[in-house]
Amino acid sequence: MRRDITTIVFDVLGTLVDEPGGLRAAIEEAGGSPRDSDGLLAVWQRHIDGEQRRIARGERDYVDSGILDREAATLVAQTAGVTDAATVDRLATAAKRLPAWPDSREGIERLAARFRVLGLSNANPESLHALGEHAGLPWHGALSADAVEAYKPSPRVYRLAVEEAGGDPTRVLMVAAHAWDLRGAGAAGMRTAYVPRPAGDPPEDTDAFDGRFPSLAELAEALG
């Protein structure tokens, strides 16, 4: 791992917080049956992924993550037979209340003592701020893809992080549990580190990331 890194940029959803687990819990709280929660979660995820791809292809004008989350919550509620408006409203804000993975707080705290640590997320600024507070993430700041009206893995999102970090991508380390995210960061010239999470996107044999670490603790050790 390079020793001249000055800034560490973390993917947030799935890497620092348990997005699937938090959404599943919110769906069950809203009235979805536990035995159906995996299927309802899939409804949510298919909508978000599909609409972000449509936006990337120019088939839909950009809308922020809050709008997509409300659409997904409405679809899930309809599928589950939930009709109470207040319940659907709360479900639509579930992304603000996702739990941190067990090593996230301590790992960021250790790294933030030596590096500038930023989040980089497809979540809109309001959701990202609320999520950081809810999950207790001690980063120096967080960047939303909403600033460039695009979603990762658009190159514009990674350039946003590089510019915030001073403009030299080789001194910026992107950490994620999603190989597709790290490929996008690598294409922008950033250094890359993979940390596995239960619902992440594991690397392929052809992926040449700068490092692969079992946890954030091992990442912090490697960076000294």
Side-chain angles (χ1 to χ4, degrees), residues 7-27 30 41 43-56 60-76 88-101 104-105 107-108 117-165 174-178 180-182 184-185 188 190 195 197-201 216:
T7 304
I8 300 177
V9 177
F10 279 95
D11 167 62
V12 180
L13 303 177
T15 300
L16 294 179
V17 298
D18 180 3
E19 183 181 26
L23 291 177
R24 188 181 294 106
I27 289 168
L41 175 62
V43 170
W44 183 297
Q45 292 173 323
R46 280 196 300 269
H47 180 76
I48 298 294
D49 292 346
E51 292 308 294
Q52 287 182 355
R53 289 192 178 98
R54 287 185 63 218
I55 290 168
R60 178 179 182 178
D61 290 340
Y62 175 82
V63 295
D64 72 25
S65 69
I67 292 175
L68 296 184
D69 284 347
R70 173 159 291 279
E71 293 172 354
T74 300
L75 286 172
V76 167
V88 178
D89 286 345
R90 178 167 172 77
L91 180 59
T93 62
K96 298 179 180 181
R97 302 183 299 278
L98 305 173
W101 292 112
S104 292
R105 294 188 192 92
I108 292 177
V117 175
L118 302 172
L120 181 65
S121 178
N122 284 339
N124 67 19
E126 179 185 358
S127 296
L128 192 52
H129 176 74
L131 178 58
E133 290 195 342
H134 175 82
L137 302 174
W139 49 33
H140 293 113
L143 305 173
S144 169
D146 189 54
V148 293
E149 296 193 345
Y151 287 108
K152 292 189 289 180
S154 167
R156 288 181 299 185
V157 181
Y158 304 105
R159 285 199 295 267
L160 172 69
V162 170
E163 289 167 7
E164 179 67 22
M174 179 77 192
V175 182
H178 314 296
W180 61 264
D181 202 354
L182 295 177
M190 299 167 74
V195 176
R197 298 301 195 195
D201 171 37
L216 298 192

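By convention here, the first residue in the shown sequence is residue 1.
- Partners of Phe10 under the ring pair (Phe, Tyr, Trp, His ring centres under 6.0 Å) rule, at least two apart in sequence or in another chain, do not exist in this structure.
- Rounding to the nearest 0.5 Å places OG of Ser154 at 11.5 Å from CD1 of Ile55.
- Leu143 and Ala161 make their closest contact through CD1-CA, 3.6 Å (heavy atoms, listed as atom of the first residue, atom of the second, distance).
- Among residues two or more places apart in sequence or in another chain, the side chain to side chain contact (heavy atoms under 4.5 Å, CB included) test is passed with Ala145 by Asn122, Val157.
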(request) Could you walk me through whether Asp146 and Ser65 pass side chain to side chain contact (heavy atoms under 4.5 Å, CB included), step by step? (result) CA-CA 8 Å; Asp146 189 54; Ser65 69; over 6 Å; no

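- For Lys96 and Glu126, the salt-bridge test passes: some basic side-chain N is under 4.0 Å from an acidic carboxylate O.
- Closest approach of Ala72 and Ile48 over heavy atoms only: CB-CD1, 4.1 Å.
- Every residue two or more places apart in sequence or in another chain that forms a side chain to side chain contact (heavy atoms under 4.5 Å, CB included) with Arg54 is listed here: Glu51, Arg57, Glu59, Arg60.
- Residues Asn124 and Gly66 share a closest heavy-atom pair of ND2-N, 3.3 Å.
- With hydrogens and angles ignored, the 3.5 Å screen pairs no side-chain donor or acceptor of Lys152 with any backbone N or O of Asp11.
- For His140 (side chain) and Val117 (main-chain N/O), a donor-acceptor pair under 3.5 Å exists by modelled atom type.
- In terms of the salt bridge (Lys or Arg N to Asp or Glu O under 4.0 Å) criterion, Arg53 has no residue partners (sequence neighbours excluded).
- A distance of 13.0 Å separates OG1 in Thr7 from CE in Met174, rounded to the nearest 0.5 Å.
- Minimum interatomic distance between Gly119 and Val12 (heavy atoms only, all atoms of both residues): CA-CG2, 4.0 Å.
- The shortest non-hydrogen separation linking Ala147 to Leu160 is CB-CD2, 4.1 Å.
- Residues Arg197 and Ala177 come closest through the heavy atom pair CG-CB, 3.5 Å.
- For the residue pair Tyr151/Asp49, the side-chain donor-acceptor check at 3.5 Å is not satisfied.
- Across Leu16, Asp18, Thr15, a single residue satisfies side chain to side chain contact (heavy atoms under 4.5 Å, CB included) together with Trp101, and that is Asp18.
- Note: Asp181 CG to Asp201 CG = 9.5 Å, rounded to the nearest 0.5 Å.
- Remark: the backbone N or O of Ile67 is paired with a side-chain donor or acceptor of Asp64 at under 3.5 angstrom.
- Partners of Arg90 by side chain to side chain contact (heavy atoms under 4.5 Å, CB included), not counting sequence neighbours, listed by chain and number: Glu29, Arg97.
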(request) Apply side chain to side chain contact (heavy atoms under 4.5 Å, CB included) to Glu71 and Leu68, showing your working. (result) CA-CA 5 Å; Glu71 293 172 354; Leu68 296 184; 3.6 Å; yes

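- No side-chain heavy atom of Val17 sits less than 4.5 Å from a side-chain heavy atom of Ser104.
- With sequence neighbours left out, His47 forms a ring pair (Phe, Tyr, Trp, His ring centres under 6.0 Å) with no residue at all.
- A donor-acceptor pair is defined here as one N or O able to donate and one able to accept, closer than 3.5 Å; such a pair exists between the side chain of Arg105 and the backbone of Ala135.
- Within the model, atoms CG of Asp69 and CG of Leu23 stand 7.5 Å from one another, a figure rounded to the nearest 0.5 Å.
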